[in-house]
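I have placed the structure first, in the form of structure tokens, so that the comments after it can refer back to it.
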Amino acid sequence: MIVTTAALFKLAYGKYAIGAYNINNIEQTMGLFRGCIDSRAPFIIQLSKGARKYSDKRMIEAVIRAADEIFPEAIYAVHLDHGDEETCYDCIDSGFYSSVMIDASHHSFDENVEITKRVVERAHAKGISVEAELGMLGGVEEDIAVDEGNACLTNPDEALEFIQRSGCDSLAAAIGTSHGAYKFKGQQSLHFDVIEKIAKHIAAAGLPPVPMVMHGSSSVPKDEVRRINAAGGTLDPSACGVNEDEYLPAAKLGVTKINIDTDGRLVWTRVHREFFRDNPNEFDFRPPGKIFMDEYAKFIAAKNVKLGSAGQLDDIRAALAK
Ligand code: 13P
């Protein structure tokens, strides 16, 4: 059942985080729904601009509609990840999306406010909520690349002003993570001080809580990278991600949506590299596809445990029925 992102946020805020998973194809969709049912978790499906273009937006949206029939127990929201203004309007007008992200963080502060405000007006008129980004993450997300030197943490004072002026419903804050497999050098941690200050500023201004979103949240498991490389990959073994044990402490401070894409891609790459290494005569893509769906479901279920969303499905259903 597709629900609003706002409803999920309201129930999860300050307690646990909802996993927001990027999907592109049938196999990921099947694994995602199965993993969330197995772990009894609500979730957010994210479609990026790239995912909507990969086959055709109608194709991936139809796949989600089919999954909705196959898994009637599932409770989830559908979200546009990293939209520009035009794509946001397309999703808002389609009637299929629960929320959109307008990513204008590469513009000046004032331009970011203005662009976000326009999207908020169009979205709210249709009951859709808007995620906006302030501060800049390093790494590559779709067609926007930000080098390390230009990445900057969100300034908590600016965050409050941005929320007040733009009217956004949730804030993607830069708290030390970056997109992709190479996030940290050495032992680094999330900037909990930034999360805490943003939440405190919002409360001190008398605003209701504004859920924060953590982009670039994959953990890039060392063992996954090792297995990919043992099966012919050449990923840099220093690849490093977010410590999964930091998800829940961040959630308790107000990070309510945690975005995961890279880790799922690593599962796909590991399964397919190992399969074709071990079965060099094989050319049927369904056997590795089936293994991938099982492995992806297990991966999703384990992630939901770390996010604290596992086991929440029945409470969410009961709260939504009230
Ligand atoms: P990762 O690259 O860490 O998976 O982050 C994905 C993301 O933030 C999508 O918006």
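Start at 1 and go down the list; that is how both ligands and their atoms are numbered.
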Legend entry - Test applied, side-chain hydrogen bond (donor to acceptor under 3.5 Å, both in side chains); reference residue, H79; option that passes from S48, S99, S98, S129: S99
Legend entry - Y21: which of N259, N304, D261, D263 passes side-chain hydrogen bond (donor to acceptor under 3.5 Å, both in side chains): N304
Legend entry - Transitive ILVMFWY cluster of Y16, excluding itself - 4.5 Å side-chain cut-off: M1, V3, L8, F9, L11, I18, I44, I75, L248, L313, I316, L320
Please work out, at 4.0 Å between heavy atoms, whether the side chain, the backbone, both, or neither of [X] comes within that distance of ligand 1.
{"X": "N22", "result": "side chain"}
{"X": "A20", "result": "neither"}
{"X": "I260", "result": "backbone"}

Legend entry - Aromatic contact, F275 with F292 (centres under 6.0 Å): no
Using a 3.5 Å cut-off on N or O atoms only, is [X] in polar contact with ligand 1?
{"X": "G216", "value": "yes"}
{"X": "H179", "value": "yes"}
{"X": "T262", "value": "yes"}

Of all the atoms in ligand 1, which lie at a distance below 4.0 Å from a heavy atom belonging to [X]?
{"X": "G180", "answer": "2 (O)"}
{"X": "H215", "answer": "8 (O), 10 (O)"}
{"X": "D81", "answer": "9 (C), 10 (O)"}
{"X": "H82", "answer": "10 (O)"}

Inset, instruction - Decide whether a cation-pi geometry holds between R34 and Y296; the criteria are a distance under 6.0 Å from NZ or CZ to the six-membered ring centre and an angle within 45° of the ring axis. - result: no
Legend entry - Result of checking E85, E111, E86 against R118 for salt bridge (Lys or Arg N to Asp or Glu O under 4.0 Å): E85
Legend entry - From CG (L253) to CD1 (I195), nearest 0.5 Å: 6.0 Å
